[in-house]
2 protein chains.
Amino acid sequence: MLTKKELIDYCRNARENYLPHFSIDCVVFGFHEGIMKVLLLQVKNEGEWYLPGGFMLKKEPIENAANRILKERTGLDKIFLQQFHVFGDPERSKAHFEMYKDMLPASQNWFTNRFLTIGYYALVDFIDANPTRDELSVSCTWRDLHDVPELKLDHALILKTALDTLRLQLNYQPIGYNLMPKEFTMPELQKLYETILDKKLDRRNFQRRMLGFGILNRSEQQRKGGAHKAPYLYSFNQENYQAALKEGFKGGW
Amino acid sequence: MLTKKELIDYCRNARENYLPHFSIDCVVFGFHEGIMKVLLLQVKNEGEWYLPGGFMLKKEPIENAANRILKERTGLDKIFLQQFHVFGDPERSKAHFEMYKDMLPASQNWFTNRFLTIGYYALVDFIDANPTRDELSVSCTWRDLHDVPELKLDHALILKTALDTLRLQLNYQPIGYNLMPKEFTMPELQKLYETILDKKLDRRNFQRRMLGFGILNRSEQQRKGGAHKAPYLYSFNQENYQAALKEGFKGGW
DNA sequence: TACAATTGTGTCATTAATACACTTTGATTT
DNA sequence: AAATCAAAGTGTATTAATGACACAATTGTA
C-alpha cells in the first residue's frame, strides 16, 4: 500500500502520461527444461500477488505497450506475445483499491477509475529473463504453474483464460521458437508440449506428428555427452515456421 | 458530417455518459437461406460506410454494451456475440475526424480523443433483424459480403479479422443456433457452412461429420411440399450444443 | 563386458477424411 | 397412370491420420 505522498505522485505521473481506463496485463509463461512457470509480482506490505502489467502511453500502440511492460519486467525483447482477451467487468478493480478511496478526491485518483485490461500472453525461456519488480511491488518472481498463490483482482481468471487459449493455440500454431535453444532434441521439444498441456505424450507419435508439420530441420550432429544414446539435434526451419505462424496448420474444413 | 451545434451536443452527451477512449465495433454477419451479408451504416453527407458501433456507458460491462449496440441496430437480443480483438493503432481515427478538429477545443471534442475499439462479431438471421440507423448515419443496411463498399477507419481490417476468426471457430465450435429455424434440413445447414467458408462441401461427408458432433436431433417428420424427395428435419440438441460451445469439439493434442 | 537408460525406427489396428455411386422419393410432366 | 427429374438418403472403397505398442541401436557406467 502506498503512502499518501506516494499515491499523489503516482497518480500525477499516471494522469500525465497514460491513457486513462486502460491497463495491460501480461501472463508471462516461462519455460526451461520441462518446467513451466508464470511471472508474478507481490504487492508491497500486503503479500498479495498479481500479474505483470501496466498502462499505455497516450500515443503508444497497444502492442508496443505490452512489449515495453514485458521488457521492464524481464529485460526481454522480441518475444512471442499475443493479445487474447479484454477483461472489463466494471467492478473488477473496485474492491482492491478501496483503501485509496479517501486519500484523494476521485477526480485525481487514478485508482478509482474504472479500468479495462487487455490481456496478453507471452512465452519466454525463464533462463534468459531478469525479473524486475515494479514500483508497487516488493518482488517479481517465477512461480511454478502448479503452485500459483491467490491472485488479486481478476488475475486468476486472466491466467486461466491465457492458459486455455495457449493450449488451443497448440493445435494450429507452431510454438517453441524462443523457448528452445537454437538446437534441441526431439525429447526436449516434447517436454515443452507436455509441460504446456500438463500430460504425457507418446514419444513416437509426437515425433511423427511434429515432423509432419515440416517446421524442423534435423542436423547431422547428435548431442554427445549424455549418459545414453545420443539424440539428433533439430532446429526450427525459419521460413516454414514463420509461414505456419501466419497460415496455421491445416485444420478442419 | 455534423454541424457545429450537433457536434457540441453530441460531444456533451458522450462525455457525460460514456467511458472515454473506448469504442465497440460489431461485425454483424447476417445469414438466410445460403446468403451471407454484413450490416453496414452509411455516414451522413459523405457516402462512406462503417460498421455498427458505439460506446460503453461508464459503468456498463463490455458484453452488455455490445449487446445494447446490437439491439439498437437490429432489434435483436440474445444472439451469438463474441469478442475477438482490440484494435488500437494510435492513428486509427485521426484522419477521419480531421474535419471536427477546429470546431471545438480538443478538451471538449470527443472525436479528437484516441479510441481503442473492441471488436465483436455476431451471427444473426437477417430476416429477424430490423436494421436501424444511428444518429451519424443516413442508412443501415445489409450488404452482401462479396460486395462490401470501401469502409472508413480500420473497419476493413476489423471485418477481415472477424471473418478469419469465425472461419477458424468453425473447427471447434458449433454454430447455427439462432441462424437456422427451429427445424431445418441437413442441406440447409450445409449451406450455412458453405456460405461462411465460401466453398462447396461434399454432401455426404458433411452429414457424417455433422452427425458425429452429436449436437443434432433428427425428427421423425420430413419436410413435405418441396418439388423432390422430402428431407428429414433436424433440430439442435440444446444440451449437447451448449456443452460443445463451452468445451469445443475434440481437437488435436 | 554386461547393464541400464534413452533414443531411433517400424508396424499394426483403429479412426477419420476423401472421393465417389447407387437407390429412394415425391412432385411434375406426359 | 407411367415416366421423368431433381433432390435427398445411404453406402463403400481408398487414403490419411492417430493411437498403441515392440524392438533394435547407442552410450556411459557398473
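A, B, ... follow the sequence lines: proteins, then strands. Residue 1 opens every chain.
A:Asp202 has its CG atom 18 Å from the P atom of D:dA17, to the nearest Å. Going from atom CG of B:Leu233 over to atom C1' of D:dA8 covers 12 Å, rounded to whole Å. If you measure from atom CZ of A:Phe206 to atom P of D:dA20, you get 16 Å, rounded to the nearest angstrom. Taking atom CD on A:Glu188 and atom C1' on C:dT7, their separation rounds to 12 Å, with Å as the unit. With rounding to whole Å, A:Arg209 atom CZ is found 14 Å from C:dA16 atom P. Summarising the geometry, the separation between CG on B:Leu211 and C1' on C:dA16 is reported as 15 Å, rounded to the nearest angstrom. Protein atom NE2 of B:His228 is 9 Å distant from nucleotide atom C1' of C:dG26, rounded to whole Å. Distance B:Leu189 CG to D:dA8 P: 13 Å, rounded to the nearest Å.
Side-chain atoms of A:Gln207 lie closest to C:dG8 of the nucleotides C:dT25, D:dT18, C:dG8. Side-chain atoms of B:Arg203 lie closest to C:dC22 of the nucleotides D:dG19, C:dG8, C:dC22. In this structure, of D:dA8, D:dT27, C:dG8, it is D:dA8 that holds the atom nearest to the side chain of B:Pro231. The side chain of B:Arg204 sits closest to C:dA21 out of D:dG9, C:dA21, D:dA6. Of all nucleotides listed (C:dG8, C:dT24, C:dG10), C:dT24 comes nearest to the side chain of B:Lys229.
Ion pairing between a basic and an acidic side chain is recognised when a charged N comes within 4.0 Å of a carboxylate O; B:Glu33 and B:Lys191 show no such pairing.
A search for ring-ring contact (aromatic ring centres under 6.0 Å, His included) contacts involving B:Phe87 returns B:His85, not counting sequence neighbours.
Inter-residue side-chain proximity for B:Leu189 and B:Tyr234 is flagged as unmet; no heavy-atom pair is nearer than 4.5 Å.
DNA chain D is contacted by both B:Met186 and B:Arg208; B:Met186 maps to the nucleotide lying nearer its 5′ end (nearest heavy atom per residue).
Ring pair A:Phe236/A:Tyr177 is perpendicular by interplanar angle, where above 60° counts as perpendicular and below 30° as parallel.
In summary, the aromatic rings of A:Phe22 and A:Phe115 are positioned with their centroids too far apart to meet the 6.0 Å limit.
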